[in-house]
Each structure stands twice: as C-alpha cells, then as structure tokens.
Number of protein chains: 2
Amino acid sequence: MTVQQSGRRERKKAATRQKIADTALRLFLERGYDAVGIRDVAAEADVAVTTLFSHFASKEALVFEQDEDFEHRLTRAVTDRAPHEPLIPALRREVLALVRHCTADSAAPIWRMIDASPALRKYDESVRLRHAESLATAIAADPDLTRSETVARTLARFVIDAYSLSREAPDPEAALDEIFPMIEAAWQAAGPPPRT
Amino acid sequence: MTVQQSGRRERKKAATRQKIADTALRLFLERGYDAVGIRDVAAEADVAVTTLFSHFASKEALVFEQDEDFEHRLTRAVTDRAPHEPLIPALRREVLALVRHCTADSAAPIWRMIDASPALRKYDESVRLRHAESLATAIAADPDLTRSETVARTLARFVIDAYSLSREAPDPEAALDEIFPMIEAAWQAAGPPPRT
DNA sequence: TACGAGATCCTATCCGTTAGTGTTACGGTC
DNA sequence: GACCGTAACACTAACGGATAGGATCTCGTA
C-alpha cells in the first residue's frame, strides 16, 4: 500500500512546484509574459523543462496558480449557505469577495499582465467556463432549488459574467450593484419553485 | 491610387483562400483536427505554409470561416429593427436563427469536431466574447435604450450565453424558451428608461 | 540494506507560427 | 506596348511551447 506518504517527498515536490510558480511570476512581471520563455523559467528555477510541465499543464497555467479555490469558493457559496438562505444574495457576497480579491493592489499587476496578453485572456476565459459548469452542477444539485438544468446552467453563466464584467469595470462594486439585480430578476422569472 | 481593383488578382486571391479553407475542412473532417497538421493542409492545398498564414491567422481560424457575419447579424438585429420595436424579442429571433444554423444537419459534424477539440473550443469562446463586445456597443449606441454601459455589456453577455447554452443543449429551441424569459426579466429589472 | 516507485533530468523531436528574403504576375501609367 | 510598383506567393530557417522515451536519483518502506 502506498498510503500515508510521510512527508519529505511531498514537501520537496510542493517546494519545487512553488519555486517554479514564484520564479515564473517574478520573471513575467519583471520582463513581460511574452518576453519570458519556458526555458528561461526552467533555467531560473533550476529545473528541467519536462519537470516544469509535469507540475503545470501549460505556460498560462503558471500565472493562474491559486485558482483552484475559486471554483470551490463559488460552489461552497451554494452548498454551505444557511438552510433556506436565498441563493442569489449568497452568490453575490461570494462574487464580491472574489472581485475584491482580484482588484486588490497586490493582485493588480498580475491582472494587468493578463489583460495585456491574448493567450492569458483566452486561458482565463476557459477557466471561467469550467467554473460556470461546476457552479451549474452545484445549483442543480441543491434540493431547495427546483429548477431545470438549463436554468441552472444559465444562472451559473450569468454569475460568472457578473464576476468577469465587474472585475474589468472601472468601478467594480458599482457594476455588481447594477448586475446582480438583473440576475435576481432572471432567477425569479425562471419559474419559481412549485410552492411559493 | 489603388482604387477599384478590377479583378483577376482579387479573384485569384479569393480562390486561393477558398481552396485552403475547403481543403482544411475536408482533411479535418476526414482524419480529425488534431491528426492534421498545418503542413498537411498547405501541401494538400498546394500552397506554402506562409501563404496559408497570410490568409488565416491561426489553425483554428480555418474552421471558423463564415463567422464574420455572425457578428454583423447580431448587431444588425439591434440597429435594423423596426422603430420602437422592443429589443429582446428582436435578439431572440436572431439568436434562434443562429442556433438553427449551427444545429442544422449540414453543420453538425463541424460542431461535433469543435466540441471535441479543446483548442477549437477555446477559440470559439474568444470569438463569442468578441461578439458580445460588439453587441454591447450596438446596444449602448441605440438612442431608444437609455441604459448604462454596464447594463449593455451585461445584456450582451447574457444573449451570447443564450446562444452558446442553447447550441449545446439537447433541445436547443426549448432551451431558448427557458433562457429568454430570464433575459427579458433581467432587462426589465435593469432600470427601465426614465420615461415609461 | 535493497527494492519499488515517484520525481527529476536529458535528449530529441513535433507542431504552430513567424521572420527574412526572393520571385512571380497582375494592375495602373506613360 | 514597355515599365514600374506592389500584392500574392514561395522557400528556408528558425523560435517557442509542448511531449516522448529513457536514464538517474531520491525517498519510503519492507
């Protein structure tokens, strides 16, 4: 059995991964995403190119390190909300938190870089679509929400749109204040559950 | 002055472009998108690789030949609608037409191929985002529609989502029937124009 | 200690894409 | 009809991301 890996190996692996990610981000921000090659990153992190690709699926993935929890946070906003708490406000709260996180001063240079690179924008789009799918699944699975799958998917897309549009807006929080009432109305219109 | 290019040159160029596109699509459908390289397409179309790339910006673009008018059709659905005709039904009509076009039997193998290839899916996503931006601009420019830019952009995204979700749904037209009432409600909620 | 497995490395290569540089053939002009 | 500018195309070579194959090392455990 290969249960209970007791440590050093996993720590080393995690350290390598972290070192690659840190080095990549540093170089990207210093010299620009397009001006830094995979071979540069690997050399500077003192690993082989193949090692780098065993940790990250693509060059773009180096930039989106922490986005695993984005997905979880959104679905948890659905699954972990208080019993009978309405869905939309819960989602709104979470999206607001995510947007604040992205537009914080510390993250700003990264997002400026992403917005400047077509490859990174494309990657971000596909990540968002994946998140929308997870969110749709979570919504469809909630026993309190008796909507069709199409409605669940639609709502999920709308919520991800809200995140994306608001992140790019000059005043993100004001944008959310405009968009979420629209989402709330769409949700109401989507056939309220059978019993009021 | 280089006005009025009168013919042969342009015809030859168009023919070359068409031959490349036709060859590419044929090979892709025959052997699969990933199994056909750019060099294969160029050889089979009897042109140089550089020529191919002077006609098409990328390998993916070979598959999305006719999509220029998608953009125009959507914006025209906004700009060319009858005076004071409500916006949403006009958009709904156009989206329905687009979805029917995509799900027609003739287009089905192409979309099956697109859905099977991550690269093509990504490309399609970015195309949709561009279309959403155009649509948002058209909506924002309409003097009858006095909504904010954020609302225009949001509505445009929602409409593109409707197209995308419905195209992928098992019953596309039924999906549209579910989604568009949601969009209508969102639009109503977005602050109706000052004078009702 | 010795072994199995996972992590890393090295080499070579594929593939999309572009730069650099000619060459042809068309179109407008005299 | 000869002439020149230029658009379209070709050839070669390369760049950069990504992967395959196989060797090597390092750790966990028997």
Side-chain angles (χ1 to χ4, degrees), chain A residues 1-21 23-25 27-28 31-64 113-114 117-123 126, chain B residues 1-21 23-25 27-28 31-64 113-114 117-123 126:
Chain A
M1 298 302 169
T2 329
V3 221
Q4 187 55 18
Q5 298 277 12
S6 58
R8 183 162 355 194
R9 204 171 234 177
E10 291 189 337
R11 264 182 291 120
K12 283 204 172 185
K13 180 170 184 176
T16 302
R17 180 190 170 89
Q18 197 59 42
K19 185 171 183 187
I20 294 171
T23 305
L25 202 53
L27 291 184
F28 291 160
R31 310 185 202 159
Y33 180 75
D34 290 322
V36 178
I38 284 291
R39 292 161 177 92
D40 299 329
V41 176
E44 183 89 5
D46 200 31
V47 296
V49 172
T50 47
T51 302
L52 187 156
F53 277 109
S54 81
H55 285 277
F56 298 92
S58 67
K59 186 187 181 187
E60 295 93 47
L62 286 166
V63 176
F64 295 83
M113 177 176 79
I114 293 170
S117 156
L120 289 176
R121 293 181 66 94
K122 262 197 189 179
Y123 188 87
S126 71
Chain B
M1 295 306 162
T2 330
V3 219
Q4 187 55 14
Q5 298 278 11
S6 57
R8 186 160 354 195
R9 206 172 237 175
E10 291 188 337
R11 262 181 293 120
K12 285 203 173 183
K13 179 171 183 176
T16 302
R17 180 190 171 89
Q18 197 59 41
K19 185 172 185 188
I20 295 172
T23 304
L25 204 52
L27 292 184
F28 290 159
R31 309 185 203 159
Y33 180 75
D34 290 323
V36 178
I38 283 291
R39 291 163 178 88
D40 300 329
V41 176
E44 184 89 5
D46 200 32
V47 295
V49 172
T50 46
T51 301
L52 188 156
F53 276 109
S54 81
H55 286 276
F56 299 92
S58 66
K59 186 186 182 188
E60 295 93 46
L62 286 167
V63 176
F64 296 83
M113 176 177 79
I114 293 170
S117 156
L120 289 176
R121 291 182 67 93
K122 263 196 190 181
Y123 187 87
S126 72

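Each chain gets a letter, A, B and so on, in the order the sequences are listed, and its residues count up from 1. Below, each value reflects all heavy atoms present in this structure, side chains not excepted, and no hydrogens, waters or symmetry copies.
- Per the geometry, CD1 belonging to B/Ile38 stands 10 Å off P belonging to C/dT18, to the nearest Å.
- Side chain of B/Lys59 to main chain of B/Tyr33: a donor-acceptor pair is present (N/O by atom type, distance under 3.5 Å, no hydrogens or angles).
- Along DNA chain D, the nucleotide nearest A/Thr50 and the nucleotide nearest A/Tyr33 are compared for position; the residue whose nucleotide lies closer to the 5' end is A/Tyr33.
- One atom, CZ of B/Phe56, and another, P of C/dT17, lie 13 Å apart when rounded to the nearest Å.
- The residue A/Asp46 sits close only to the backbone: its heavy atoms come under 4.0 Å of sugar-phosphate atoms, none of a base.
- Put simply, NE2 on B/His55 is 4 Å from P on D/dC9, counting in whole angstrom units.
- Donor-acceptor pairing under 3.5 Å, judged by distance alone, is present between the side chain of A/Arg9 and the base of D/dT26.
- For B/Ser54 and D/dC9, a side-chain-to-base donor-acceptor distance below 3.5 Å is absent, hydrogens and geometry of angles not being considered.
- At C/dA25, none of the side-chain N or O atoms of B/Arg8 fall inside 4.0 Å of OP1 or OP2 (strictly under the cut-off).
- One finds the CZ atom of B/Phe64 at 9.5 Å from the OG atom of B/Ser58 (value rounded to the nearest 0.5 Å).
- Closest heavy-atom contact between B/Ile38 and B/Leu62: CD1-CD1, 4.3 Å.
- A distance of 10.0 Å separates OG1 in A/Thr51 from CG in A/Asp46, rounded to the nearest 0.5 Å.
- Summarising the geometry, the separation between NZ on A/Lys13 and P on C/dG6 is reported as 10 Å, rounded to the nearest angstrom.
- Contact annotation for A/Val36: backbone-only contact, meaning every heavy-atom pair under 4.0 Å involves sugar-phosphate atoms and none involves a base.
- Distance CZ (A/Arg11) to C1' (C/dG6): 16 Å, rounded to an integer number of Å.
- Proximity of B/Thr16 to the phosphate of D/dC9: a side-chain N or O atom is located under 4.0 Å from OP1 or OP2.
- Across all non-hydrogen atoms, the minimal contact from B/Ala61 to B/Tyr123 is CB-OH, 3.4 Å.
- Distance CZ (B/Phe53) to C1' (D/dC9): 15 Å, rounded to an integer number of Å.
- Distance CD1 (A/Ile20) to P (D/dA18): 14 Å, rounded to an integer number of Å.
- Between A/Lys12 and D/dC27 there is a side-chain N or O to OP1 or OP2 distance below 4.0 Å.
- Along DNA chain C, the nucleotide closest to B/Arg39 and the one closest to A/Val49 are compared, and the more 5′ of them pairs with A/Val49.
- When rounded to the nearest whole Å, the span between NZ of A/Lys59 and C1' of D/dG16 equals 8 Å.
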